[in-house]
Amino acid sequence: MSSKDARGDKGASTGKRVGGNKKMSGAKLSTGSKGTGGGKKAAGRPHCGGKTKSQASSRQRTGRPSHRGASFDASALEGAEFIEVSNVALPLDAGLESPASEVNRPTPVPLSTEADHPTPAAPAASPAPAEGSHAESLSRAAIASALGVAPEDVASFSLVKRSVDARKKSNVHFNATYAVHLAQGVAYDALSPARGVNVRAYDPPAPLAIPDLRSLATSSDERIVVAGTGPAGLFCALYLAEAGLRPLVVERGAAVDERTAAIESFNAGGPLDAAANVQFGEGGAGTFSDGKLTTGTKSPHIRHVLEAFVQAGAPDEILWQAKPHIGTDKLPAVVKSIRERIISAGGEVRFLTRLVDIELAGGAVRSVVLEDSRTGAREAVEASRVIVACGHSARDVFELARDRGFALERKPFSMGVRIEHPQSLINRAQYGSAAKHTALGAADYKMAVRVPARANGTRTDATSENATRGVYTFCMCPGGEVVAAASEEGGVVVNGMSRFARDGENSNSALLADVRPDDLPGNDVMEGVRLQREVEHAAFELARRNGGVPYAAPAQTVGDFLAGATSSSGQAEDKQLGGTVAAASEARRRTVVPGSHRRVGASEPHSCMVVHPSYPRGVVWCDLRECLPEFICEALAQGLPLLDAKLHGFAYPSAVLTGPETRSSSPIRMVRGENFRARLASDLPDSDEEPATRIYPCGEGAGYAGGIMSAAVDGLRVAEAIAAEFFSR
């Protein structure tokens, strides 16, 4: 159900929102078929009609330079108070001052019974830099040039979105979108936009209205249970709580403060805590990642999620950054704030509580069994609905769903390694001579190629649709670290994270190859999980066999991986390059423990740079082919040179591969209907009837998302579907 449907024609809308208020700061990112902005005309004084003296003089001052584009239809702007101007080329120095302001930070919206909220009169965008500052002057001049007017004709402006344009290394600049208010008397038909500049009426983003369902959630109703506090579970629970439905939220892991302490202890060499680690606990796996808020999906809920994060303490700039991120150092406080908001709205949150059983009656859920993760004590709880937002690593929940007769299916997932480079190498490859400009920060990348495929070690028919396999980078962490992400005893898993400043010595990203259902033997739906476990355990044993401490990770330089040779600890300790190193076997057996991380900006030339592995439990130089499937290694080996052709230096011989990365997505999907309810395996495949289970698979673990943003959006969609069911009572 769309957000428009949630506001509905049933008179239940209250205007309560997960994100947004009447006067909001931050960017409007593209969130739907309209793109940034839309066809609506904001209220306000019209800018139309004939040219005034002021406008004529403005035209004389600016003229129509040769770079001006074709004439545009000024009548489309009739009645607009603000216009949206996109594709504005902005010099890098304009980014030296942040346009964000604490004064304009959105504030949490209290519960209310208002039927509607008015559309904001002012742009829901970030304020401009301080008036009179150099950045403000540069921004105003760029907007004026883009519109073909004089700088004084731009009365005010607000930043909507900004990205880096590095397509030409000789001209790296920002590409910006602004909401602009022109000076009194400047007619829209006097504008002469530059080629490539788009002008339209500014359409402020609509807030998310949440219906007031408190009168329908009587005390006799069973609880709505939300299993999981990752992005999907948190945002689903937040919506339901603010609608007055008092959800019970259960999380198998610990609250974020206890979880952070457990992870720090593990990183320092302590034992693995199966209930509090990088995978399990408040906020989900994304809490200890870069906190990237990008997604390939389009939904108006993207804006709502960003606003909710800002309300919870995230930096305002995520609202206007083209590639927003929060950072691992800031995410714990943000997710804690969202939890507190759920509780203040009437929800209940229980940590260290596992969902261990679901009881159905007549094809619909009747109750769930919850277990204390520490003591094993169990409790049966009557439930009217259950949202399964368990995350991609809750393998016991997959087994429970299979055993209780729910329809599951294999889905494609990926497997590979983390690849680490010096961040300065990536900066120079992406930005050229502008790499050291302080307004740019640490560069990122996102790449994908296709290579000839093998399935189960046998080359597929070249004429089949599976003749190629995708190799790609994922979850790139600029200035970040490789994370120890194990959640089960005796298995090694790696992931990546960055802090908000992204100022570490290295960059890292997942380097992955597709694993398709037909790569797996047999018909067991759990075969993908079995492969993940097999690889994780093999990595643990490989590192131990080569002299590593428990949970040390196997690693290999790119040069040695491509040459089929085992790397040596000399690569890190003696600063030799990453080709084959004839070091003593005893040296190869030592675990290379990461030292302190230097900051970006090391002056040593790339030709003699050495990558210091950042994995906190230490790495052991091994041959990664001894723990990863052959078809994955072959795909990575073929993909590395192709990716290097896209980003010079990506296959840098001393770059470090640390493995295995096995948890990038779920290998299983819980099948759900159009009403978001889980299907039973006994349902007829050609039946037109929607499932009646009142079990709602949600987010990444259930197979319907692939990151923080898409999971959070899916949580809101499921919550809206449940709200619609209450409407129909």
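Below, each value reflects all heavy atoms present in this structure, side chains not excepted, and no hydrogens, waters or symmetry copies. Along the sequence shown, residues carry numbers from 1.
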Which heavy atom of [X] sits nearest to which heavy atom of [Y], and what is that distance?
| X | Y | result |
| --- | --- | --- |
| Val226 | Ala237 | CG2-CB, 4.3 Å |
| Phe500 | Ile326 | CD1-O, 3.2 Å |
| Arg341 | Leu238 | CG-CD1, 3.8 Å |
| Gly253 | Phe351 | O-CB, 3.5 Å |
| Glu282 | Lys336 | OE2-CA, 3.7 Å |

**Asked** Got a sec, which residues hit salt bridge (Lys or Arg N to Asp or Glu O under 4.0 Å) with Asp93, two or more places apart in sequence or on another chain?
**Response** none

**Results of salt bridge (Lys or Arg N to Asp or Glu O under 4.0 Å) for Asp329 - residues two or more places apart only** =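 None.
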
State the [atom1]-[atom2] distance between [X] and [Y], to the nearest 0.5 angstrom.
| X | Y | atom1 | atom2 | value |
| --- | --- | --- | --- | --- |
| Gln321 | Thr294 | CD | OG1 | 11.0 Å |
| Asp153 | Arg140 | CG | CZ | 10.0 Å |
| Glu84 | Thr177 | CD | OG1 | 6.0 Å |
| Ser158 | Tyr202 | OG | OH | 8.0 Å |
| Gln311 | Ser337 | CD | OG | 9.0 Å |

**Message:** Tell me whether the count of non-hydrogen atoms from other residues, nucleotides or ligands lying under 6.0 Å of CZ in Arg499 goes above 12.
**Reply:** no

**Message:** If the condition is side-chain hydrogen bond (donor to acceptor under 3.5 Å, both in side chains), which residues does Arg259 pass it with, not counting sequence neighbours?
**Reply:** none

**Counterpart residues, side-chain hydrogen bond (donor to acceptor under 3.5 Å, both in side chains), relative to Thr295 (two or more places apart)** = Thr297

**Message:** I'd like to know if the side chain of Tyr472 pairs up with that of Ser414 as donor and acceptor (distance under 3.5 Å, no hydrogens or angles considered).
**Reply:** yes

**Message:** Please tell me whether Ser509 and Tyr445 have a donor and an acceptor in their side chains that are separated by less than 3.5 angstrom.
**Reply:**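 Ser509 vs Tyr445: donor-acceptor pair found between side chains.
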
**Message:** Before we go on, tell me: are the rings of Phe309 and Phe235 under 6.0 Å apart, centre to centre?
**Reply:** yes

**Message:** Could you check whether any side-chain N or O of Tyr188 sits under 3.5 Å from a backbone N or O of Ala80, counting only pairs where one atom can act as donor and the other as acceptor?
**Reply:** yes

**Salt-bridge contact Arg385-Glu725 (side-chain N to carboxylate O under 4.0 Å)** = yes

**Request:** Taking the side chain as every heavy atom from C-beta outward, state whether Cys390 and Phe280 have any atom pair closer than 4.5 Å.
**Result:** no

**Prompt:** Would you call Pro691 and Asn675 a side-chain contact if the rule is heavy atoms closer than 4.5 Å?
**Reply:** yes

**Message:** By the salt bridge (charged side-chain N to carboxylate O under 4.0 Å, His left out) test, which pairs, at least two apart or in different chains, include something from residues 439-448?
**Reply:**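 Counting only pairs at least two positions apart or across chains, the salt bridge (charged side-chain N to carboxylate O under 4.0 Å, His left out) contacts touching residues 439-448 are Lys323-Asp444.
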
Side-chain donor-acceptor pairs of residues 708-715 under 3.5 Å, sequence neighbours excluded:
from	atom 1	to	atom 2	distance (Å)
Ser710	OG	Gly706	N	2.8
Ser710	OG	Gly707	N	3.3
Ser710	OG	Gly707	O	3.4
Asp714	OD1	Arg672	NH2	2.9
Asp714	OD1	Arg717	NH1	3.3
Asp714	OD2	Arg672	NH1	3.2
Asp714	OD2	Gly699	N	2.9

**Prompt:** Between Phe82 and His181, how do the two ring planes meet: parallel, tilted or perpendicular, split at 30° and 60°?
**Reply:**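 Tilted: the ring planes of Phe82 and His181 meet at 30° to 60°.
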
